[in-house]
Amino acid sequence: MDARLNLFGNPFAATFLGHLNAAGKVVTDSPLPAATQELVKIRASQINGCGFCLDMHTKEAAKAGETSTRLSLVAVWREATVFTDAERAALELAEQGTRLADAAGGVTDEAWANAAKHYDEAQLAALVSLIAVINAYNRLNVIVRQPAGDYRPGQFG
């Protein structure tokens, strides 16, 4: 299976991805816990059907020490007992921020207030930025049908 467009070989796409990667690096270096970042990336990628990002972020999370149990249960986090209250709040915000078109009001006040109970302002800014960035990556990869399965942890630095 080949992608419709080579995002890595096309000069315009490469420039755009460079800027998107720089934005992602700002989030990576933020005070938002790394485990929470990966869980949010995985959940948004599940919702958006982005196999490439799921492949990447589950492998990166596993390499960083995330358990197979938690990785397997991200899609059903509401029913799972393995996530902290803070992680649950982040996952709820990620879901609502990813499914904007599904709700006329966007992110609920309740979801925001719950996240604000667990994260300070810098972490909330990072969380919102992360949700935006992973959704952008998901859309790029889904639109071009970027193949999944061959990602190696650390492949992009």
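- Between Tyr137 and Leu17 the shortest side-chain heavy-atom distance falls below 4.5 Å.
- The cluster map of Ile, Leu, Val, Met, Phe, Trp and Tyr, joined by side-chain heavy atoms under 4.5 Å apart, puts Val27 and Leu124 in the same cluster.
- The shortest non-hydrogen separation linking Val142 to Gly49 is CG2-O, 3.7 Å.
- The backbone N or O of Gly149 sits less than 3.5 Å from a side-chain atom of Lys59, completing a donor-acceptor pair.
- Remark: Asp102 CG is packed, more than 12 non-hydrogen atoms of other residues, nucleotides or ligands lying under 6.0 Å away.
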For this session: For the pair Leu20 and Leu140, evaluate side chain to side chain contact (heavy atoms under 4.5 Å, CB included) and give the outcome as yes or no after the intermediate values.
Result: CA-CA 11 Å; Leu20 193 55; Leu140 286 166; 3.8 Å; yes
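- The minimum heavy-atom distance between Cys53 and Ile134, with the atom names listed, is SG-CD1, 4.2 Å.
- Put simply, the side chain of Ser129 does not reach to within 4.5 Å of the side chain of Val26, judged on heavy atoms.
- Between Val40 and Glu87 there is no side-chain heavy-atom pair separated by less than 4.5 Å.
- Formation of a donor-acceptor pair under 3.5 Å by the Gln155 side chain with backbone atoms of Arg152 is found in this model.
- Val128 and Val107 fall within the same hydrophobic cluster, defined by Ile, Leu, Val, Met, Phe, Trp and Tyr side-chain heavy atoms under 4.5 Å apart, directly or through other members.
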For this session: Tell me, with the steps shown, if Met56 and Ser45 meet side chain to side chain contact (heavy atoms under 4.5 Å, CB included).
Result: CA-CA 10 Å; Met56 175 189 300; Ser45 300; over 6 Å; no
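- At a threshold of 4.5 Å between non-hydrogen side-chain atoms, the residues Leu7 and Asn141 count as touching.
- Here the two rings, on Tyr151 and Phe156, have centers that are under 6.0 Å apart.
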Below 3.5 Å, can you tabulate the donor-acceptor pairs from side chains in residues 93-101 to any protein atom, sequence neighbours excluded?
residue	atom	partner	partner atom	Å
Glu95	OE1	Arg78	NH1	3.0
Glu95	OE1	Arg78	NH2	2.8
Glu95	OE2	Arg43	NE	2.7
Glu95	OE2	Arg43	NH2	3.2
Glu95	OE2	Trp77	NE1	2.6
Glu95	OE2	Arg78	NH1	3.4
Gln96	OE1	Thr108	N	2.7
Gln96	OE1	Thr108	OG1	3.2
Gln96	NE2	Glu92	OE2	2.4
Thr98	OG1	Ala94	O	2.7
Thr98	OG1	Asn135	ND2	3.0

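- Under 4.0 Å is where a charged nitrogen must lie from a carboxylate oxygen, and between Glu60 and Lys63 no such pair does.
- Taking each heavy atom of Lys41 and Leu130 in turn, the nearest pair found is CE-CD1, 3.6 Å.
- Taking 4.5 Å as the limit, every side-chain heavy atom of Asn21 sits out of range of all side-chain heavy atoms of Lys25.
- With rounding to the nearest 0.5 Å, the separation of CH2 in Trp112 from CG in Leu127 is 7.5 Å.
- Side chain of Glu66 to main chain of Leu71: no donor-acceptor pair is present (N/O by atom type, distance under 3.5 Å, no hydrogens or angles).
- Asp29 CG: more than 12 foreign heavy atoms inside a 6.0 Å radius.
- Side-chain contact between Thr36 and Thr84 is absent, with no heavy atoms from C-beta onward closer than 4.5 Å.
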For this session: Under the side chain to side chain donor-acceptor pair (under 3.5 Å) rule, what do Asn114 and Tyr119 come out as? Steps first, then yes or no, please.
Result: CA-CA 9 Å; Asn114 192 31; Tyr119 300 102; over 6 Å; no
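- By the 4.5 Å heavy-atom criterion applied to side chains, Gln46 and Ile42 are counted as neighbours.
- Side-chain contact between Gln123 and Pro33: present, with at least one pair of heavy atoms (C-beta onward) separated by less than 4.5 Å.
- When every heavy atom of Gln37 is checked against every heavy atom of Leu32, the shortest pair comes out as NE2-O, 2.9 Å.
- The number of heavy atoms from other shown groups lying within 6.0 Å of CD (Glu121) does not exceed 12.
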Problem set entry | CA sep, side-chain torsions, deciding dist, call: Leu39, Arg70, side chain to side chain contact (heavy atoms under 4.5 Å, CB included) | CA-CA 9 Å; Leu39 294 173; Arg70 283 171 44 97; 3.4 Å; yes
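- Phe83 approaches Arg88 most closely through the heavy-atom pair O-CD, 3.9 Å.
- A distance-only check finds no donor-acceptor pair linking the side chain of Asn48 to the backbone of Cys50 [under 3.5 Å].
- Across all non-hydrogen atoms, the minimal contact from Ala61 to Glu38 is CB-CB, 4.0 Å.
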